[in-house]
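The block underneath contains the structure these notes are about, expressed in structure tokens.
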Amino acid sequence: MTVRVRIAPSPTGDPHVGTAYIALFNYVFARKNGGQFILRIEDTDRTRSTLESEAAILRALRWVGLEWDEGPDKGGPHGPYRQSERAEIYRQHAQMLIDKGAAYRCFCTAERLAELRKRQMAEKKNLGYDGLCRDLSREESDKRAAAGEPFVVRLAMPREGDTVFPDRLRGEIKFANAGVDDQVLLKSDGFPTYHLANVVDDHLMGITHVIRAEEWISSTPKHVVLYQAFGWQAPEFVHMPLLRNKDKSKISKRKNPVSLDYYRDAGILPEALRNFLALMGWSIAADREKFTLQEMIEAFDIDRVSTGEPVFDLVKLIDLNGQYIREMSEDELVERLLSWRLSKESFRKVMPLVRERMKTLSDFIALGDFFFTGDLDHKPFAAAMVSKGRTPSETGKILQEYIEKVDEPWKEARRVPFEDKALEEFSRTFAEEKGWKVKELFMALRLAVTGKSATPPLFATMEVLGRELTRKRVRDAAETLKALPPPKA
RNA sequence: GUCCCCAUCGUCCAGAGGUCAGGACGCUGGCCUUUCAAGCCGGUAACAGGGGUUCGAAUCCCCUUGGGGACACCA
């Protein structure tokens, strides 16, 4: 049987470094074994999935150099590769499960479930569905469904016994069935949840090895029970360790730049990022850490992946990146710089912003240097970000809140578009809501983003700089401010 | 809280019963150098604790502790 693996991102946000991490190991495993690497888009959450996000993920995965053999944009023998286009398949499979008695319709309202949950919390009981609709007769269930009453389909999890499955890296993992919830498989909008879609697709697409993050271990028994109910052979499971923040918690936007676009914009080379990601759980040799993708494929052994809890450390990534830069040819470096941000297109974007302030051509660089740098060191001018009457810590707090809000749903349930006018409108409203003078907030922001107090118009600048670099700079500024001693009274 | 996973320098990774516990980043001392990097040489620093098993445990087993993840009509 030929090895087939997949990466199955959900297009609900920025292309995540964790996606690249898991994709890398899947890719290498496939190549090592002469198998296929499939890209499948898990967009069954219709309220959060967007095409923009999907496109960004595809672009970013290609940027790190992990090309897939089958996927939504290039097709393949097992398509479609976008789950939203496979809704009918899942519906049929849910029906099969109902017919086999392995799943049942649940007519409980959101209100009842909320109340149930509240009661369980109050009584400190285990959370989970109480199985009310599980005992409905088939006749009644059919009748209510036919009458148009909304329902979901739930997995009828066995109530006794254990579900045991082998994990390639961890050995046998055992769960008592009694502790596993009757998971929703098909939502009331007719779309499947991850659990159903993932099992059905992995089977239909001939996936032999599921290499995914550790966070999925606790829902694996549900998947195993589904494979059994369908009478299918389950794939082999390989749960990779989770990337961590410095404090060992699961890597997150709040504590780490998590978007692949950040790394690209900050000047990290894709081969260095790949290499670094590979180091998170695998090594080519005891005394060696720099290697190419090809070398990794040749030497890779999935059983030698470590199960520790790797902390994603920017400092080491940057060092590795420097090694790559120093070792490439001069011509190659020039090409890289040109295709990075020293391009005609990016000069074209920056130029209108600095042109009015230019008196000589050489002013271009002096006036716009911050468009071409990565992170900023805010310490030297941190005090300047603090307006009269404000404290460093409250300035830090407002900046942090600001940059977090920029990423949250705003108008039309979308986050603030990273575009001049939208940013300005949002920012003015934000300042007003927080009781800050526009001037106070904008100057703090200006210094945070550019490191200067005299710059081109702020929001146009942010637009050109881009969301990722801007977010990191504002966040770093906030950190610096918070670490500042309070002003003497 | 319940269930599950994990545990070697501050961080990443070596170590597959017998090693002075190794490499890298960081930090640090020195050399080189007009400076800063880079480079080179050196230093710092770890087997969480307790029980077993064994002639012998970082390596195997158990317990404790610690950390993490999951407990949605999100993935």
Side-chain angles (χ1 to χ4, degrees), chain A residues 8-13 16 18-19 41-49 83 106-110 113-114 117 120-129 150-154 162-163 165 167 169-181 183-198 212-222 239-251 275-290 301 303-323 325-327:
Chain A
S10 176
T12 52
H16 200 278
T19 304
I41 295 295
E42 308 231 330
D43 58 348
T44 54
D45 182 341
R46 301 314 295 154
T47 61
R48 295 199 305 149
S49 299
Q83 291 187 327
C106 171
F107 299 91
C108 291
T109 59
L113 294 176
R117 198 188 156 72
Q120 285 169 335
M121 297 235 281
E123 292 171 20
K124 288 190 172 166
K125 286 228 225 102
N126 286 345
L127 305 174
Y129 184 59
F151 63 87
V152 301
V153 176
R154 282 181 189 275
D162 298 323
T163 294
F165 59 91
D167 179 283
L169 302 177
R170 299 156 203 268
E172 299 248 289
I173 299 180
K174 182 164 89 173
F175 284 83
N177 292 333
V180 182
D181 201 13
Q183 185 65 48
V184 170
L185 301 176
L186 203 67
K187 301 180 258 188
S188 53
D189 65 0
F191 281 87
T193 58
Y194 169 84
H195 308 281
L196 209 220
N198 149 76
R212 75 216 314 183
E214 186 187 356
E215 56 187 331
W216 293 106
I217 290 177
S218 56
S219 43
T220 306
K222 295 167 188 173
H239 288 101
M240 295 287 300
L242 235 28
L243 259 24
R244 314 291 180 142
N245 297 313
K246 267 196 179 22
D247 63 4
K248 291 270 184 185
S249 58
K250 171 164 103 171
I251 195 166
N275 192 157
F276 178 71
L277 252 14
L279 256 17
M280 306 272 92
W282 187 76
S283 69
I284 195 160
D287 56 354
R288 186 172 169 216
E289 55 180 16
K290 186 165 171 292
D301 177 357
D303 294 309
R304 307 284 306 181
V305 170
S306 81
T307 47
E309 306 173 317
V311 171
F312 191 92
D313 180 11
L314 270 306
V315 178
K316 184 152 180 166
L317 167 60
I318 288 166
D319 175 77
L320 232 201
N321 201 58
Q323 292 185 41
I325 285 179
R326 272 171 259 128
E327 287 175 21

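Computed from heavy atoms alone, side chains included, the values below leave out hydrogens, waters and symmetry copies.
Taking atom C1' on both nucleotides, C27(B) is separated from C60(B) by 37 Å, rounded to a whole Å. Across U19(B) and A14(B), the matching C1' atoms stand 12 Å from one another, rounded to whole Å. Rounded to a whole angstrom, the distance from the C1' atom of A57(B) to that of C62(B) is 15 Å. Between G39(B) and G22(B), the two C1' atoms lie 23 Å apart (nearest whole Å).
Between A75(B) and Thr193(A), no contact under 4.0 Å exists linking OP1 or OP2 to a side-chain N or O. Distances shown here put every side-chain N or O of Arg288(A) at or beyond 4.0 Å from the OP1 or OP2 atom of G23(B). Contact between the side-chain N/O atoms of Lys250(A) and the OP1/OP2 oxygens of A70(B) is found at a separation under 4.0 Å. OP1 or OP2 of A75(B) sits under 4.0 Å from a side-chain N or O of Lys187(A). The shortest distance between the side-chain N/O atoms of Ser249(A) and the OP1/OP2 oxygens of G68(B) is not below 4.0 Å. Here Thr44(A) does not reach the OP1 or OP2 of C74(B): none of its side-chain N or O atoms lies under 4.0 Å away.
Per the geometry, CG belonging to Asp287(A) stands 8 Å off C1' belonging to G22(B), to the nearest Å. The CD atom of Glu309(A) sits 8 Å away from the P atom of U8(B) (whole-angstrom rounding). Residue Asp247(A) contributes atom CG, which lies 14 Å from atom C1' of G66(B) at whole-angstrom precision. Rounded to an integer number of Å, the gap from CG of Leu314(A) to P of C12(B) is 14 Å. In this structure, Ile41(A) atom CD1 and C74(B) atom C1' are separated by 16 Å, rounded to whole Å.
Between C13(B), G23(B), G26(B), one nucleotide has an atom nearer to the side chain of Asp319(A) than all others, and that is G26(B). Comparing atom distances between the Lys248(A) side chain and each of G67(B), A72(B), A75(B) picks out G67(B) as nearest. Nearest to the side-chain atoms of Arg326(A) among the listed nucleotides G68(B), A14(B), A38(B) stands A38(B). Distances from the side chain of Glu42(A) to the nucleotides C4(B), C73(B), A75(B) place A75(B) closest.
At a cut-off of 3.5 angstrom, counting only N and O atoms as typed in the model, there is a donor on one side and an acceptor on the other between the side-chain of Lys316(A) and the base of A24(B). Judged by distance alone with a 3.5 Å cut-off, no donor-acceptor contact links the side chain of Ser218(A) to the base of C71(B). For a distance-only test at 3.5 Å, the side chain of Glu214(A) fails to qualify as a donor-acceptor partner of the base of G69(B).
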Going through the distances and angles, do Asp45(A) and Arg48(A) end up as a salt bridge (charged side-chain N to carboxylate O under 4.0 Å, His left out)? CA-CA 6 Å; Asp45(A) 182 341; Arg48(A) 295 199 305 149; 3.0 Å; yes

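Below 30°, between 30° and 60°, or above 60°: for Tyr194(A) and Trp216(A) the angle between ring planes is below 30°, a parallel geometry. A parallel orientation is assigned to the rings of Phe165(A) and Phe175(A), their planes being inclined by less than 30° (bins at 30° and 60°).
Remark: G42(B) base-pairs with U28(B); criterion is Watson-Crick or G-U wobble with both hydrogen-bond distances under 3.5 Å. Base pairing of A14(B) is not made with any nucleotide, judged by Watson-Crick or G-U wobble geometry with both donor-acceptor distances under 3.5 Å. For A21(B), there is no paired nucleotide, since no Watson-Crick or G-U wobble pair has both relevant distances below 3.5 Å. Pairing partner, C47(B): none, since no Watson-Crick or wobble contact has both distances short of 3.5 Å. With a 3.5 Å ceiling on both atom-pair distances, the Watson-Crick or G-U wobble partner of C3(B) is G69(B).
Within the 3.5 Å criterion, the main-chain N or O of Asp247(A) finds no donor-acceptor partner in the side chain of Asn245(A).
Ranked by how close their nearest RNA chain B nucleotide is to the 5' end, Trp282(A) and Arg117(A) are led by Trp282(A). Sequence order on RNA chain B of the closest nucleotides to Asp189(A) and Leu169(A) puts Leu169(A) first from the 5' end.
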